[in-house]
Amino acid sequence: MRIGEFARLGQVSIRMLRHYEALDLLIPQHVDRFSGHRSYSVAQLTRLNRIMALSSLGISLKRISVLLDSEPSTSELVDMLTLRRH
């Protein structure tokens with residue numbers, strides 16, 4: 001699906017998706033080499049939701065990048081939340 005539809009479904013702005021792409025957090029499934037149009041898959045909504053959830057907890061995008069690639073355990077997430085509260 002095109003970037004606009006993906007943004008609407010994920011409830012984020014196109015600008016935010018481009019920002020996530022620039023940080024290598026969420027890379028489009030396909031970028032047309034001639035037009036630059038970006039396409040995303042429905043499966044990528046899960047990653048977008050994780051990014052948004054972790055961000056809403058106050059975790060930096062740099063840290064989110066590490067977390068998404070390492071699949072943290074529940075205890076690690078609890079530890080992060082505990083540190084954030086203090």
Side-chain angles (χ1 to χ4, degrees):
M1 73 185 81
R2 290 191 161 207
I3 192 171
E5 184 179 2
F6 187 77
R8 184 179 55 75
L9 288 173
Q11 298 180 339
V12 296
S13 67
I14 291 173
R15 184 175 181 210
M16 186 57 71
L17 288 176
R18 291 177 191 244
H19 181 63
Y20 291 159
E21 179 185 358
L23 296 174
D24 290 331
L25 282 171
L26 185 62
I27 305 300
Q29 182 178 21
H30 176 74
V31 178
D32 185 280
R33 68 182 193 164
F34 298 108
S35 68
H37 290 166
R38 291 157 173 80
S39 299
Y40 293 84
S41 70
V42 173
Q44 288 179 290
L45 283 171
T46 301
R47 186 171 177 98
L48 176 60
N49 288 333
R50 286 182 184 158
I51 293 167
M52 292 171 40
L54 292 169
S55 182
S56 73
L57 295 173
I59 299 171
S60 73
L61 292 178
K62 186 175 183 177
R63 181 73 177 132
I64 289 172
S65 177
V66 173
L67 292 172
L68 289 175
D69 293 335
S70 67
E71 293 292 328
S73 68
T74 303
S75 63
E76 288 173 313
L77 289 172
V78 168
D79 289 344
M80 284 186 273
L81 289 172
T82 302
L83 286 174
R84 185 181 177 315
R85 288 184 192 164
H86 299 288

*Side chains of Leu17 and Leu48: does their closest heavy-atom pair fall under 4.5 Å?*
yes
_A side-chain contact here means heavy atoms from C-beta on lying under 4.5 Å apart; do Arg18 and Ile3 qualify?_
yes
_Under 4.5 Å between side-chain heavy atoms, counting indirect links through other Ile/Leu/Val/Met/Phe/Trp/Tyr residues: same cluster for Met1 and Ile27 or not?_
no
*Following the transitive rule for hydrophobic clusters with a side-chain heavy-atom cut-off under 4.5 Å over Ile, Leu, Val, Met, Phe, Trp and Tyr, establish whether Val31 and Val42 coincide in one cluster.*
no
*Distance from Leu45 atom CG to Leu26 atom CG, nearest 0.5 Å?*
9.0 Å
*After noting the C-alpha distance and the side-chain angles of His19 and Leu61, does the key distance pass the side-chain contact (heavy atoms from CB on, under 4.5 Å) rule?*
CA-CA 10 Å; His19 181 63; Leu61 292 178; 3.6 Å; yes
*Among pairs that include at least one residue of residues 34-64, which meet ring-ring contact (aromatic ring centres under 6.0 Å, His included), considering only residues two or more places apart or in two chains?*
Phe6-Tyr40
_Could you work out, with side-chain contact (heavy atoms from CB on, under 4.5 Å) as the rule, every residue matching Ser39, not counting sequence neighbours?_
His30
Shortest non-hydrogen contact between [X] and [Y], atoms and distance:
X     : Y     : value
Met52 : Gln11 : CE-O, 4.3 Å
Gly4  : Ile14 : CA-CD1, 3.9 Å
Gln29 : Ser41 : OE1-CB, 3.1 Å

_Set out, in order, the CA-CA distance, both residues' side-chain angles and the distance that settles side-chain contact (heavy atoms from CB on, under 4.5 Å) for Ser65 and Leu23, then state yes or no._
CA-CA 8 Å; Ser65 177; Leu23 296 174; over 6 Å; no
_Is it the case that the side chain of Arg47 and the backbone of Leu25 share a donor-acceptor pair, with hydrogens and angles ignored and the cut-off at 3.5 Å?_
yes
